[in-house]
2 protein chains.
Amino acid sequence: MSSKVKKRTLINDIANHLEVSIATVSLVLNGKAKQSRISDAVAERVLKYVQEVGYKPNHLAKSLRTGKTHVIGLVVEDISNPFFATVAWLIEKQAFERGYRIIYCSTDNDPTKSKELISMFRERHVDGFIIVPSEGIEEEVSTILREQTPTVLFDRFLPKLPTNYIVVDGAQGTYTATQHLLEQGFRNIAFVTTDSTQTQMEARLNGYVRALEEQQLLPLVKRVAASKDSEHLIADIQDFIKDNRACDAIIFSTNYLSIYGLEAISRLQLRIPQDLAVISYDDHDLFRLYTPAITVIAQPVESIAKNVIDILLEQLQQPSDQAIANNHSIVLPTALIVRKSSIRQPEPVPATRKKAAK
Amino acid sequence: MSSKVKKRTLINDIANHLEVSIATVSLVLNGKAKQSRISDAVAERVLKYVQEVGYKPNHLAKSLRTGKTHVIGLVVEDISNPFFATVAWLIEKQAFERGYRIIYCSTDNDPTKSKELISMFRERHVDGFIIVPSEGIEEEVSTILREQTPTVLFDRFLPKLPTNYIVVDGAQGTYTATQHLLEQGFRNIAFVTTDSTQTQMEARLNGYVRALEEQQLLPLVKRVAASKDSEHLIADIQDFIKDNRACDAIIFSTNYLSIYGLEAISRLQLRIPQDLAVISYDDHDLFRLYTPAITVIAQPVESIAKNVIDILLEQLQQPSDQAIANNHSIVLPTALIVRKSSIRQPEPVPATRKKAAK
DNA sequence: ATGAAAGCGCTAACAT
DNA sequence: ATGTTAGCGCTTTCAT
């Protein structure tokens with residue numbers, strides 16, 4: 001008994017010390033002093049003493065009682081991908097300010113892992129979900145929807161399910177990028193993408209195809225397997241480029257494909273953009289810093305994050321009934337950021353007269 | 001009442017359905033059937049039914065009752081840095097297998113943020129801590145130590161505090177790297193590091209200085225501010241290289257400094273290693289893929305992760321009393337992985353007669 | 001071998 | 001205006 005380590009302060013201790021009831025303390029702490037007509041004097045004393053001893057309510061007990069954990073589960077494809085990392089970070093910051101905590105997990109786009117993570121989060125009683133859905137998880141998402149857990153998808157959505165989602169107009173992005181290359185005079189434009197058939201990847205492909213078809217040009221699409229082995233991916237892209245020497249420009253459908261692509265191009269000792277113009281979907285530090293800087297189809301990360309968290313918090317705040325019918329489906333525009341990698345070089349290049357492009 | 005959404009299954013429902021007591025169910029579920037001499041028949045029925053309805057105990061209630069959350073708080077400097085990301089991922093995997101969950105946070109090396117995160121984790125009742133300590137958080141770490149919460153530091157430690165820690169022999173790493181450059185015939189070797197005075201950064205610097213002093217050579221150290229502005233860092237390094245044209249080799253003390261350094265070198269149109277040899281502390285995908293591949297002082301990430309989690313789980317499993325005196329302090333060796341960037345090029349280069357380095 | 005019941009710390013409806 | 005008290009879902013001691 002006396003060997004016990006110093007215990008945490010409890011709401012009981014507060015009440016005892018102040019000689020008020022524990023309910024009074026609880027009410028004051030939860031900002032319900034006014035509506036319970038607790039005297040300002042008492043409320044102040046409570047607040048002061050709580051502050052003094054640094055009392056923190058036990059979250060577990062609170063959550064058990066209220067059924068709310070104030071935790072949001074964030075399920076992304078790969079938290080080490082700068083796109084997801086940035087969005088996650090922005091979401092976390094905003095959620096934090098409004099009293100919510102985020103717990104993340106990466107699915108690696110694996111449906112099994114996605115399902116496990118969703119059910120893990122359910123077990124942990126998250127109040128809401130933010131999900132970048134991999135394919136084949138309709139059932140799990142249905143379940144959380146049925147349980148009325150507020151949920152927002154982003155980056156892609158599940159066409160069969162009525163959910164909130166925030167996506168980007170990838171088709172418009174690649175369409176504009178392709179047009180830009182055409183305007184620059186490139187004619188043999190290839191598109192390197194993954195073998196995924198998810199909504200966002202298909203959209204990116206379609207935008208490219210449409211732009212070419214409008215000019216009666218034939219698409220040239222390379223699909224690489226979504227492998228983890230970087231050497232293999234690089235070699236694959238390298239072979240593709242070698243086999244298509246006529247190709248004078250490439251659009252990569254994701255940031256990591258571009259990185260492998262740049263490596264492949266460098267190994268082939270091709271010059272960008274003289275031998276091959278390059279555009280990447282999704283911006284990245286490296287693309288700004290690369291020599292030459294790489295033109296990108298940038299996604300509006302701040303806006304994505306803001307929309308996601310705003311919609312989720314709105315639903316979280318609701319009195320927990322209907323909210324079903326009115327799902328938000330938001331499609332945000334991309335922005336083409338033109339850098340050196342997609343600008344046609346005039347044949348004779350006076351190296352000293354380089355235009356200073358900030 | 002009848003308008004209620006379908007409720008989750010509770011332990012009560014199980015007990016009712018099976019017409020046994022709730023205690024029996026609980027005991028069976030916690031593997032204490034044998035020691036409570038519950039009949040195998042009953043135990044089996046319970047397990048079978050639980051399986052059937054997919055009953056999952058409520059973690060919150062369980063934790064509130066037992067005082068254990070089976071959650072470990074992981075506080076790193078920057079989860080988007082591949083070194084920390086990899087270690088975190090390995091730790092998470094092993095912890096998961098043994099029934100623990102990890103929640104992460106990045107401190108950005110900011111003491112205030114570190115303190116907030118630690119206290120947030122305390123509030124969330126994590127069972128243990130894994131911390132990459134920023135400077136000035138001795139007090140908070142003391143607190144969790146006093147509360148007997150199992151804790152392991154890694155990457156660096158707090159010299160004033162008796163804790164478990166796993167670090168790497170950075171001094172040996174940079175010493176060996178410097179020697180390697182000297183053996184290759186480089187004489188003007190610079191060291192680019194941050195302005196941090198943390199244990200691991202000082203060690204890296206010291207190894208470099210010692211190797212040079214043994215040869216009566218003068219160190220050339222550039223300290224860049226730990227800023228977040230990449231352009232600024234690149235320009236800073238660029239200026240440093242320009243101002244020290246005699247310098248023929250550089251060791252960078254962290255992976256991100258190397259990345260900025262490579263960009264600086266590329267902008268100066270210097271060739272690696274002909275004009276400037278390069279070694280980075282810490283390996284990275286990019287360094288393997290870069291042309292030329294970059295020599296690195298690699299940290300044993302698997303071993304770090306394994307040691308961290310083993311020690312923490314050992315302490316977590318202990319009967320929660322002493323365990324104080326016997327702290328583990330483990331220092332792991334680094335490995336120099338020699339690639340092209342630090343190999344002196346013979347003036348006329350017979351490219352085919354390259355020595356196979358490992 | 002099994003069941004009853006006392007909490008873990010907190011909230012909120014209901015009394016006073 | 002403030003106090004009493006019944007749970008939230010689970011574990012575990014003690015009786016039987």
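In the text below, chain A, chain B and the rest are named by the order of the sequence lines, each starting its count at 1.
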Quick one: label [X] by what it contacts on the DNA or RNA (base, sugar-phosphate, nothing), any heavy atom closer than 4.0 Å.
{"X": "B:Ser26", "result": "base"}
{"X": "B:Leu27", "result": "base"}
{"X": "B:Ser63", "result": "nothing"}

Check the distance between [N]'s [atom2] and [X]'s [atom1] and give it to me in whole angstrom.
{"X": "A:Gln35", "N": "D:dA1", "atom1": "CD", "atom2": "P", "result": "14 Å"}
{"X": "A:Leu64", "N": "C:dT11", "atom1": "CG", "atom2": "P", "result": "11 Å"}
{"X": "A:Arg37", "N": "D:dT2", "atom1": "CZ", "atom2": "P", "result": "11 Å"}
{"X": "A:Ile11", "N": "C:dT11", "atom1": "CD1", "atom2": "P", "result": "5 Å"}
{"X": "A:Asp40", "N": "D:dA1", "atom1": "CG", "atom2": "P", "result": "11 Å"}
{"X": "B:His59", "N": "D:dG9", "atom1": "NE2", "atom2": "C1'", "result": "13 Å"}
{"X": "A:Asn12", "N": "C:dC10", "atom1": "CG", "atom2": "P", "result": "8 Å"}
{"X": "A:Asn30", "N": "C:dA12", "atom1": "CG", "atom2": "P", "result": "6 Å"}

Nearest to the side chain of [X], which nucleotide is it out of [options]?
{"X": "B:Ile22", "options": "D:dT11, C:dC10, C:dT2", "result": "D:dT11"}
{"X": "A:Lys32", "options": "C:dA12, D:dG3, C:dT2", "result": "C:dA12"}
{"X": "B:Arg65", "options": "C:dT2, C:dA6, C:dG3", "result": "C:dA6"}
{"X": "A:Leu10", "options": "D:dC10, C:dG9, D:dT2", "result": "C:dG9"}
{"X": "A:Thr24", "options": "C:dT2, D:dG9, D:dG3", "result": "D:dG3"}
{"X": "B:Asn58", "options": "D:dC8, D:dG9, D:dT12", "result": "D:dG9"}
{"X": "B:Ser39", "options": "D:dT4, D:dC10, C:dT2", "result": "C:dT2"}
{"X": "B:Ala23", "options": "D:dG3, C:dA5, C:dC10", "result": "C:dA5"}

| Are A:Asp40 and A:Lys34 within salt-bridge range, i.e. N to O under 4.0 Å? |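 A salt bridge is present here (some side-chain N lies under 4.0 Å from a carboxylate O).
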
| Ion pair A:Asp310/A:Arg98, N-O distance below 4.0 Å |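 Looking at A:Asp310 and A:Arg98, the cut-off is met.
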
| query | Can you tell me if A:Asp78 and A:Ser80 form a side-chain donor-acceptor pair at under 3.5 Å? | reply |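 Yes - a donor-acceptor pair under 3.5 Å links their side chains.
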
| said: Ignoring hydrogens and geometry beyond distance, is a side-chain donor-acceptor pair present between B:Ser134 and B:Thr107 at under 3.5 Å? | reply: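 The answer is no; no qualifying pair exists.
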
| said: If you assign each of B:Glu19 and A:Lys56 to its closest nucleotide in DNA chain C, which residue comes earlier from the 5' end? | reply: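 Closest to the 5' end, via its nearest nucleotide, is B:Glu19.
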
| task | For D:dG9, take OP1 and OP2 only and decide whether either is under 4.0 Å from a side-chain N or O of B:Lys62. | result |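 Answer no for this pair, as no side-chain N or O of B:Lys62 is under 4.0 Å from OP1 or OP2.
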
| Would you say B:Tyr55 reaches D:dC10's phosphate, i.e. side-chain N/O to OP1/OP2 under 4.0 Å? |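 So the side-chain polar atoms of B:Tyr55 do come within 4.0 Å of the phosphate oxygens OP1 or OP2 of D:dC10, strictly under.
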
| Ring geometry between B:Phe121 and B:Phe129 (parallel below 30°, tilted from 30 to 60°, perpendicular above 60°) |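 The arrangement is tilted - the two ring planes meet at 30° to 60°.
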
| Can you tell me how far the CZ atom of B:Arg65 sits from the CG atom of B:Asn58, to the nearest 0.5 Å? |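 B:Arg65 CZ to B:Asn58 CG: 14.5 Å, rounded to 0.5 Å.
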
